[in-house]
Each structure stands twice: as structure tokens, then as C-alpha cells.
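Computed from a prediction, not measured in an experiment: that's the story for all the values here. In what follows, every heavy atom counts, from backbone to side chain, and hydrogens, waters and symmetry copies are set aside.
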Amino acid sequence: MTAVITFEEQRPRLFGLAYRMLGSAQDAEDAVQDAWLRWAGAVHAQIESPAAWLTTALTRLCLTRLTSARARRETYVGPWLPEPILTTDPAVGPAESAAQRESVSVALLVTLERLTPVERAVYVLREAFGYSHAEVAAILEVTEANSRQLHTRARRHVAAEPPAPVETDAAAWGALVQRFLGAAREGDIQELETLLAADAAAWSDGGGKVSAARRPVHGRSEVARFLAGILGRFASDVTGTVAEVNGSPAVLGRRAGVVMSVVVVERTGEQVTGLRFVMNPEKLEFLDRQLSRFGEPSGHTS
């Protein structure tokens, strides 16, 4: 019983680590379950720190999963985006500090896809969980010097494509999004162009499961026309609600209570700089289960 209690106490933190490593909630759940199986078979009397032991076991499991995940994503249909999660759910691990919230943002998780698995591990362990280089080196079985080099390379990659800052002003964000959605529903291209930054971009992740743009859309005019088309087509039977997704407010698009899409809206000041549409139904299953636990209607079935 003690072993079970210890693991359950660690589960949210472990899920948070696995999710940041993998960008997939379902894969993170599987990795945590594999860590549980290893923990259940371990000799606990020989383990000085359960938290350290579990972190090491889980990180190494995630490194193995990342290798195969990268191969799958090379053949993914259209842009790949991480599975959205409700970060108000305590079961998904820490998101209290600014660093923890940024490390779970959709934009950063996309950027982390460009790192090698071991660079990603070092970055997540250092930036999101505050592990020292000595601790990271022990987890990954590298030298401290190597850990520092990997961390430097990872930070350089992230700095080269800095993600949008995590949204903190929900009221200002909400006002901008309401105005933006209204213009899109009305097909008001001129208003949309006013609200969009010159270098705005939109990504749509349908994964070949639903109709979605298979290439990113770049530029103010192109994004405005894309949005007017997509939202104008679905505005009559899709409603939007706001939820905290990956550390920032996002719009959940629902049809008859079913979550059909999650839209992360990135802004700088009064202009929208990026829109990330997650529409692949397989990627909405985890979030749908979260909504069900919070008493909201579930629309997806396994």
C-alpha cells in the first residue's frame, strides 16, 4: 500500500514531466503507467528517494518514446500540434510559476519538437522542474559538462524561434478574441486585417481525420481570408467557450455540446499574431475526459 500511495502522490508531477517531454497527453499517460510497472517491481527498501528514482525511470522511458514519436510525426498529415490539456486540472502536474506555464504552452511544445530527445529532456528538467545540472547528469547518465552543453544548445534553438508569451491578461485577450470572432463570422476581411499582425500565421491540425488546411497559412491577408472562410462556414452551429488550455486562455469550439476544436490565439498588444487549431478528434479525447471530470458534457467516444 505504501508503494501505491507514494506513486499516486508523484503521479501529477510525473504526468507533467512526460507531457512536456512528449507533447502528447495519451503518450504521457502510457509512459507514466510504464513507470508505475517498473516502480511496482522495484525493491523499495533500496531506493533512497522515490521522487528521484521515478523521475529517472520516467525520463528514460520518454526518451525511448520520443525516438519512435519523431518517426511517426515525419509522416503526419498536415501541421503537427501537441494535444491540448486543461491546465486548471491539478492531475496534470505543476503550472503555478511563469516558467512552468511557459514550458507547457502550445507554441513552446512545437518549438521543442525541433530538439533532439536528449536536448529536450535537459531543457524540460532544467527549465520546468528546476533540476540542477548534477541531477540532470545523473538522470541521463551524462557528465555535468555535457548537461550544460545540451542545455545551452536547447536554449539557443528556443531563442531562435521564441514562442509567443503565455497570456496573462484574460480580460484583454477575451475582448480581442470576441471582436476577432465577430469579424470572422461576418466575413469582414477589412476588420480581420486590422486585428491581424502583418506576419500572422495559422496552423490547423486535423491529422488527416477531419478537413483542415494541410499547410500553415502565413500573412495578414491570407489568414484573414482563411478565417472568414472556415468560421463563416461553421458559425451557424458551432459555439465558442473559453478555457485555460496549456497555460493560456483558448477557445473551445463545440457543436451540439461536442468539442470539435481547440483554438489557441496568440497576440501581441491589440493584434493577433498566431492561431493554432487542433481539430484531430484523437487529440481532443484527453481534454474531453478532463471536461467530463469537471462536470461538463463529454462529446467524444473511444
Handout entry: Qualifying residues under salt bridge (Lys or Arg N to Asp or Glu O under 4.0 Å), relative to Arg126, sequence neighbours excluded
Key =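 Arg126 satisfies salt bridge (Lys or Arg N to Asp or Glu O under 4.0 Å) with no residue once adjacent residues are dropped.
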Practice task
Evaluate the ring planes of Phe129 and Tyr131, with Trp represented by its six-membered ring, and classify them as parallel (under 30°), tilted (30 to 60°) or perpendicular (over 60°).
Solution key: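 Plane angle between 30° and 60°, so tilted.
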Exercise for the section: Look at the rings of Tyr123 and His151 and say which category their plane angle falls in: under 30° parallel, 30 to 60° tilted, over 60° perpendicular. Expected result: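 The rings of Tyr123 and His151 sit tilted, inter-plane angle from 30° to 60°.
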Exercise for the section: Begin from the C-alpha positions of Val262 and Phe277 and carry the test side chain to side chain contact (heavy atoms under 4.5 Å, CB included) through to its verdict. Expected result: CA-CA 6 Å; Val262 173; Phe277 292 77; over 6 Å; no
Problem - Common cluster, Leu176/Leu181, ILVMFWY with side-chain heavy-atom separation under 4.5 Å - result: yes
Exercise for the section: Answer yes if Leu14 and Leu37 sit in the same cluster of Ile, Leu, Val, Met, Phe, Trp and Tyr residues linked by side chain heavy atoms under 4.5 Å apart, and no otherwise. Expected result: yes
Return the minimal non-hydrogen interatomic distance between [X] and [Y], and the atom names on each side.
X	Y	answer
Cys62	Ala31	SG-CB, 4.2 Å
Ala213	Phe226	CB-CE1, 3.9 Å
Leu61	Ala35	CD1-N, 3.5 Å
Val278	Pro82	CG2-O, 4.0 Å
Phe286	Glu83	CB-OE1, 4.2 Å

Practice task
Decide side-chain hydrogen bond (donor to acceptor under 3.5 Å, both in side chains) for Tyr19 and Asp27; before the verdict, give the C-alpha distance in whole Å, the side-chain angles of both, and the deciding distance to 0.1 Å.
Solution key: CA-CA 8 Å; Tyr19 177 73; Asp27 286 349; over 6 Å; no
Exercise for the section: Using the salt bridge (charged side-chain N to carboxylate O under 4.0 Å, His left out) rule, take Glu244 and Arg101 through it: C-alpha gap first, then chi angles, then the decisive distance, then the call. Expected result: CA-CA 11 Å; Glu244 184 185 300; Arg101 294 171 77 82; 3.3 Å; yes
Test item: [X] and [Y] side chains (from C-beta on) under 4.5 Å apart, heavy atoms:
X	Y	result
Arg179	Glu191	yes
Val263	Arg276	no
Val264	Val251	no
Arg225	Ile189	yes
Met21	Arg65	no
Asn280	Leu284	no
Leu109	Arg120	yes
Leu54	Trp36	no

For the [atom1] atom of [X] and the [atom2] atom of [Y], what is their distance to the nearest 0.5 Å?
X	Y	atom1	atom2	result
Arg20	Leu125	CZ	CG	11.0 Å
Leu66	Thr116	CG	OG1	9.5 Å
Leu195	Arg267	CG	CZ	12.0 Å
Leu252	Leu287	CG	CG	6.0 Å
Ser221	Leu196	OG	CG	9.0 Å
Leu63	Leu140	CG	CG	6.0 Å

Exercise for the section: Give the C-alpha distance, both sets of side-chain angles, the deciding distance and a yes or no for side chain to side chain contact (heavy atoms under 4.5 Å, CB included) between Asp188 and Leu192. Expected result: CA-CA 6 Å; Asp188 189 339; Leu192 283 172; 5.7 Å; no
Handout entry: Arg214 versus Ser204, side-chain donor and acceptor atoms under 3.5 Å
Key = no
Practice task
Go through the side-chain N and O atoms of Gln100 and Ser103 and say whether any donor and acceptor fall under 3.5 Å apart.
Solution key: no
Just by modelled atom types, is the [Y] backbone N or O under 3.5 Å from a matching donor or acceptor in the [X] side chain?
X	Y	value
Ser147	Thr143	no
Glu135	Ser132	yes
Lys283	Leu81	yes
Asn246	Thr87	no
Glu266	Thr273	no
Asp205	Met279	no
Gln271	Thr268	no

Name the atoms and distances for all side-chain donor-acceptor pairs under 3.5 Å in residues 41-52, with sequence neighbours left out.
from, atom 1, to, atom 2, distance (Å)
His44, NE2, Trp39, O, 2.7
Ser49, OG, Ala52, N, 3.2

Exercise for the section: Please say whether more than 12 non-hydrogen atoms of neighbouring residues, nucleotides or ligands are located less than 6.0 Å from CD in Gln26. Expected result: yes
Practice task
For atom CD of Gln190, decide whether the heavy atoms of other residues, nucleotides or ligands shown that lie under 6.0 angstrom number more than 12.
Solution key: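 At most 12 heavy atoms, drawn from other residues, nucleotides or ligands, come within 6.0 Å of this atom.
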Problem - Steps toward side chain to side chain contact (heavy atoms under 4.5 Å, CB included) verdict (Arg254, Leu291) - result: CA-CA 12 Å; Arg254 303 182 196 231; Leu291 290 172; 4.1 Å; yes
Exercise for the section: Could you walk me through whether Val124 and Leu112 pass side chain to side chain contact (heavy atoms under 4.5 Å, CB included), step by step? Expected result: CA-CA 9 Å; Val124 169; Leu112 294 185; 4.3 Å; yes
Exercise for the section: Determine, for Arg220 against Asp199, whether the closest basic-nitrogen to carboxylate-oxygen distance falls under 4.0 angstrom. Expected result: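 Answer for the salt bridge query: no.
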Problem - SB check Glu113 Arg70 (cutoff 4.0 Å) - result: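 Salt bridge: no.
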Handout entry: Criterion salt bridge (charged side-chain N to carboxylate O under 4.0 Å, His left out) on Arg155 and Glu119, from CA distance to verdict
Key = CA-CA 9 Å; Arg155 286 177 61 94; Glu119 286 173 347; over 6 Å; no
If you look only at distance, which donor and acceptor atoms sit under 3.5 Å apart when one is on a side chain in residues 156-165 and the other is two or more places apart or in another chain?
from, atom 1, to, atom 2, distance (Å)
Glu161, OE2, Arg114, NE, 3.3

